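Computed from a predicted model, the values in this text were never measured in an experiment. Order of listing sets the numbers, starting from 1, for every ligand and every atom in it. Residue numbers start at 1 and run along the sequence shown.
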Amino acid sequence: MTQDKLDALKAEIIAKNICPELAATATQLVMGDGNPDADIVFIGEAPGKNEDEQGLPFVGAAGKFLNEMLAAAGMTRGDVYITNIVKYRPPNNRDPSLEEKAAFLPYLLRQLEIINPKAIITLGRHSMEYFLPDARISQIHGHAVRKKVIYHDKAPHELLIIPLYHPAAALYNGSMRTVLIDDFLQVPKIIATSKP
Ligand code: URA
């Protein structure tokens with residue numbers, strides 16, 4: 001079962017002591033939430049305080065906004081899978097460092113390989129940079145890009161990457177909020193009309 005494989009990957013991250021400083025200050029590792037067999041995976045940055053306490057991604061104010069946008073687009077958390085690049089809360093919600101993001105990259109790719117989605121929605125600059133390193137979020141938000149992703153030594157696997165603004169950044173910024181909601185509402189159409 002897909003969830004068993006994700007649980008095994010989580011156990012491996014803990015056993016290999018990835019980012020020990022973060023692990024030492026975090027309450028727990030936050031692996032992901034939603035449907036492990038989903039066609040769409042949302043990728044945020046790192047857990048915050050609420051996520052660290054509850055062990056689930058996007059359960060604070062940004063998560064409430066994400067849930068509202070999912071509902072407006074006709075989806076629930078059970079239709080998609082939600083995760084972060086970095087799986088432990090950085091102290092005081094600082095940005096994850098380059099080293100921390102790099103340490104978690106192989107595990108994020110393995111997580112995606114297990115879920116095998118058709119589309120990835122990056123939330124914010126940090127997760128966008130993984131897949132579209134040369135893109136600017138202000139120019140590319142809401143536009144789907146086909147990208148070949150290599151899951152360890154396998155042949156390149158084509159995914160649809162849809163970069164969106166981060167819900168936390170847009171939450172209290174009126175114009176960004178409108179842009180994010182507009183982009184979000186296009187997501188089902190973008191995915192339905194994209195070639196397999
Ligand atoms: N912001 C993120 O990037 N991820 C979360 O899980 C919560 C807030």
- Task: For K118 and E158, run salt bridge (charged side-chain N to carboxylate O under 4.0 Å, His left out): C-alpha distance rounded to whole Å, both residues' side-chain angles, the deciding distance at 0.1 Å, then the answer.
- Result: CA-CA 8 Å; K118 291 192 174 73; E158 196 168 88; over 6 Å; no
- Here the atoms of ligand 1 under 4.0 Å from any heavy atom belonging to P57 are 6 (O)
- Task: May I ask you to check whether A46 has an N/O atom sitting below 3.5 Å from an N/O atom of ligand 1?
- Result: yes
- Task: Look at the side-chain heavy atoms of Ile, Leu, Val, Met, Phe, Trp and Tyr, link any pair under 4.5 Å apart, and say whether Y88 and V59 land in one connected group.
- Result: no
- Message: Show every salt bridge (charged side-chain N to carboxylate O under 4.0 Å, His left out) that has at least one partner inside residues 8-20, sequence neighbours left out.
- Response: E12-K16, E12-R110
- Query: Looking only at heavy atoms, is any part of E45 under 4.0 Å from ligand 1, and if so is it the side chain, the backbone, or both, or is it neither?
  - Reply: both
- Taking atom 8 (C) of ligand 1 as the reference point, the nearest protein heavy atom with its distance: F58 CE2, 3.9 Å
- Query: Counting each atom of ligand 1 from 1 as listed, which ones have a heavy atom of G44 under 4.0 Å away?
  - Reply: 3 (O)
- Task: Please identify each residue that fulfils side-chain hydrogen bond (donor to acceptor under 3.5 Å, both in side chains) with E53, with sequence neighbours left out.
- Result: K49
- So which heavy atom in the protein is nearest atom 4 (N) of ligand 1, and how far is it from that ligand atom? N84 OD1, 2.8 Å
- Query: How long is the span from the NZ atom in K101 to the CG atom in L108, to the nearest 0.5 Å?
  - Reply: 12.0 Å
- Scan L66, I121, V179 and name whichever one has a side chain to side chain contact (heavy atoms under 4.5 Å, CB included) with F184. L66
- Numbering as shown, the atoms of ligand 1 that approach H166 to under 4.0 Å (heavy-atom distance): 1 (N), 2 (C), 3 (O)
- Message: Heavy-atom pairs closer than 4.0 Å: do any link ligand 1 to the side chain of P167, the backbone, both, or neither?
- Response: neither
